[in-house]
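See structure below.
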Amino acid sequence: MSQSFALLGLAAELTRVVAEQGYTEPTPVQAQAIPVILAGRDVLAGAQTGTGKTAGFTLPLLQRLSAASPAAAHHPRRVRALILTPTRELAAQVEESVRTYGQYLPLQSTLVYGGVNINPQIEALRRGVDILVATPGRLLDHLQQKTANLAHVEILVLDEADRMLDMGFIRDIRRILALLPARRQNLLFSATFSNEIRQLADGLLHAPAMIEVARRNAESELVAQRIHPVDAWRKRELLTHLVSSGDWRQVLVFTRMKSGANRLAEQLCKEGIEATAIHGNKSQPARTRALAGFKAGTVRVLVATDIAARGLDIEELPHVVNFELPNVPEDYVHRIGRTGRAGSTGEAISLVSIEENALLADIEKLLTRRIDRQIVPGFEPGQPPPQLLTAAQAVERGGRDGQGKAGTQRTKTSAMPPARPSASTPARASQALLPNAPRAPQSARAGAAMPALFRSPTRRGS
Ligand code: AMP
């Protein structure tokens, strides 16, 4: 039995499950959110994945629903709490948390998201639920078909509201809000606070309790961060080298684009490293399978885009690799938050090419510190890609590697040792990553300044 959770006002059915989960202390967001939510107040919380925010709103939500109507099981169930999330994965995880934390309470929940057959969802809604976890688009489908009814919602949660706006859900959200009863409790969770989030919060929340917890960032002693400066064209080779030589078994790799994620996963597979990509274009069963394989250890490398990775909760993930730096510095913080979670240590490695200098500078500004650089021997930056070599240089490079082949061929197989730095190639390693390198376009650097969440807005890049 967890005494400290009980002190926050949680009932025995909930402190019991918390203890069974092995949580001994509430996290900061839980310590702040649980009492005010139990008191029925609206909440505006600045907290991101990894802070324990899900339990922070789910535990008091469950308690309020069960306290208000302990005999709910005798009535036809009506949706009394609605939790909206940006992605299917996050929705699934939140609903799993609702089930876990609510296992000793007579409350029912269900999950509604797109990309899968709607009929089982209709059936579950028809049977009656107390708590509905949904992504906005599919929920609107149900509302239009009148297979869901929100007229009895007492508590609304917008989880990762910033990401929902980033994904263009604002109109859907407003249409859903219009269908809710006016009297209700509203909880808005967001990692960042743009003007759009502020506007949404202003129209939605009544005298909210403001909760801001420390961002999971470089201060997390549990995450060792490192940068490997490398030429862009050798990143994949370096990744293969790191995974193989370090015998990494579970690696989450971030790329910027879906196409890049697919390509990288395919190439890794060809090289004998089990890899799969997870992104919004994949069908839901494919995404679920990919994640399950990764968790079970059959997939060694999961390649993800930022949006797809949002909300992934993989415990004790040892390695996160930024194959490309994100355009928005805050996304770097989200990404590295995937490792070193819940008390375990982790390693976040970024493969950074000279073209990414400006993005790196913005990230370091956000973290207010410099991340360690380590050049991996054999991967010194400053070498031209093989297709740019003159025939003579190619022969020279091939010969020096002991392969006697043109450089273009060596990129095709990772079995070959990496090229040595050549005396004839300019030693640009030290020049790489200098601040006077060309800057990224302004749009890529938006949101660089990161003032306290509730004071001044941060702009997000697109
Ligand atoms: P979240 O920020 O909600 O995605 O939660 C991140 C992770 O922290 C999940 O794996 C939770 O199971 C775990 N967690 C939540 N609350 C606690 C707690 N009080 N102590 C330890 N771990 C927790």
Side-chain angles (χ1 to χ4, degrees), residues 1-10 14-35 37-38 43 45-63 83-103 109 111 131 133 157-164 187-192 211-217 220-223 250 252 291 294-295 304 306-318 320 330 333-346 453:
M1 156 95 178
S2 177
Q3 183 62 27
S4 43
F5 278 95
L7 291 175
L8 297 176
L10 287 179
L14 295 166
T15 54
R16 176 177 166 197
V17 81
V18 156
E20 285 170 4
Q21 292 299 303
Y23 306 167
T24 50
E25 289 294 321
T27 66
V29 72
Q30 290 162 2
Q32 292 178 63
I34 290 172
I37 298 174
L38 286 176
V43 164
Q48 61 193 59
T49 302
T51 55
K53 69 181 168 64
T54 314
F57 63 75
T58 305
L59 292 167
L61 176 149
L62 288 164
Q63 179 153 332
I83 305 174
L84 288 179
T85 75
T87 63
R88 307 159 191 182
E89 282 81 10
L90 184 61
Q93 275 166 21
V94 168
E95 207 256 346
E96 199 182 311
S97 298
V98 169
R99 279 175 197 261
T100 305
Y101 299 138
Q103 61 187 284
S109 61
L111 181 60
I131 302 155
V133 186
V157 182
L158 296 184
D159 193 14
E160 305 205 351
D162 51 348
R163 200 47 73 136
M164 284 199 273
L187 315 174
L188 189 154
F189 284 75
S190 188
T192 56
I211 295 171
E212 184 178 357
V213 296
R215 302 175 65 80
R216 279 189 71 95
N217 63 15
S220 169
E221 294 296 318
L222 295 171
V223 183
Q250 207 184 28
L252 180 60
L291 190 58
F294 187 60
K295 286 186 174 179
D306 289 287
I307 285 180
R310 187 79 172 184
L312 289 187
D313 181 23
I314 302 152
E315 300 216 3
E316 299 179 15
L317 188 58
V320 167
E330 283 90 342
V333 178
H334 289 305
R335 288 177 176 190
I336 69 167
R338 305 283 152 196
T339 179
R341 311 189 80 189
S344 60
T345 51
L453 290 181

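What you see below is based on every heavy atom in this structure, not just the backbone, and it leaves out hydrogens, waters and symmetry mates. Note that ligands are numbered from 1 as they come in the structure, with each ligand's atoms numbered from 1 the same way.
- Taking distance alone, with nitrogen or oxygen atoms compared against 3.5 Å, Tyr23 approaches ligand 1 more closely than that limit.
- Rounded to the nearest 0.5 Å, atoms CE (Met164) and CG (Leu84) are 5.5 Å apart.
- Remark: ligand 1 atoms within the under-4.0 Å shell around heavy atoms of Thr54 are 1 (P), 3 (O), 4 (O).
- Ligand 1 has a nitrogen or oxygen under 3.5 angstrom from a nitrogen or oxygen of Gly52.
- The part of Phe5 lying near ligand 1 is the side chain, judged by heavy-atom distances below 4.0 Å.
- Considering CG of Leu59 and CG of Leu38, their distance stands at 9.0 Å, rounded to 0.5 Å.
- The atoms of ligand 1 that sit less than 4.0 Å from any heavy atom of Glu25 are 18 (C), 19 (N), 20 (N).
- The salt bridge (charged side-chain N to carboxylate O under 4.0 Å, His left out) search around Glu96 returns none, not counting sequence neighbours.
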### Task
Determine, stepwise, if the pair Phe57 / Ile37 fulfils side-chain contact (heavy atoms from CB on, under 4.5 Å).
CA-CA 7 Å; Phe57 63 75; Ile37 298 174; 4.1 Å; yes
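- Each of the atoms 2 (O) of ligand 1 lies under 4.0 Å from some heavy atom of Thr51.
- To the nearest 0.5 Å, atoms CG (Leu61) and CD1 (Ile34) are separated by 11.5 Å.
- Scored by the side chain to side chain contact (heavy atoms under 4.5 Å, CB included) test, Ser97 finds Thr54, Tyr101 as partners (sequence neighbours excluded).
- Near Thr27, meaning under 4.0 Å from one of its heavy atoms, ligand 1 places the atoms 17 (C), 18 (C), 19 (N).
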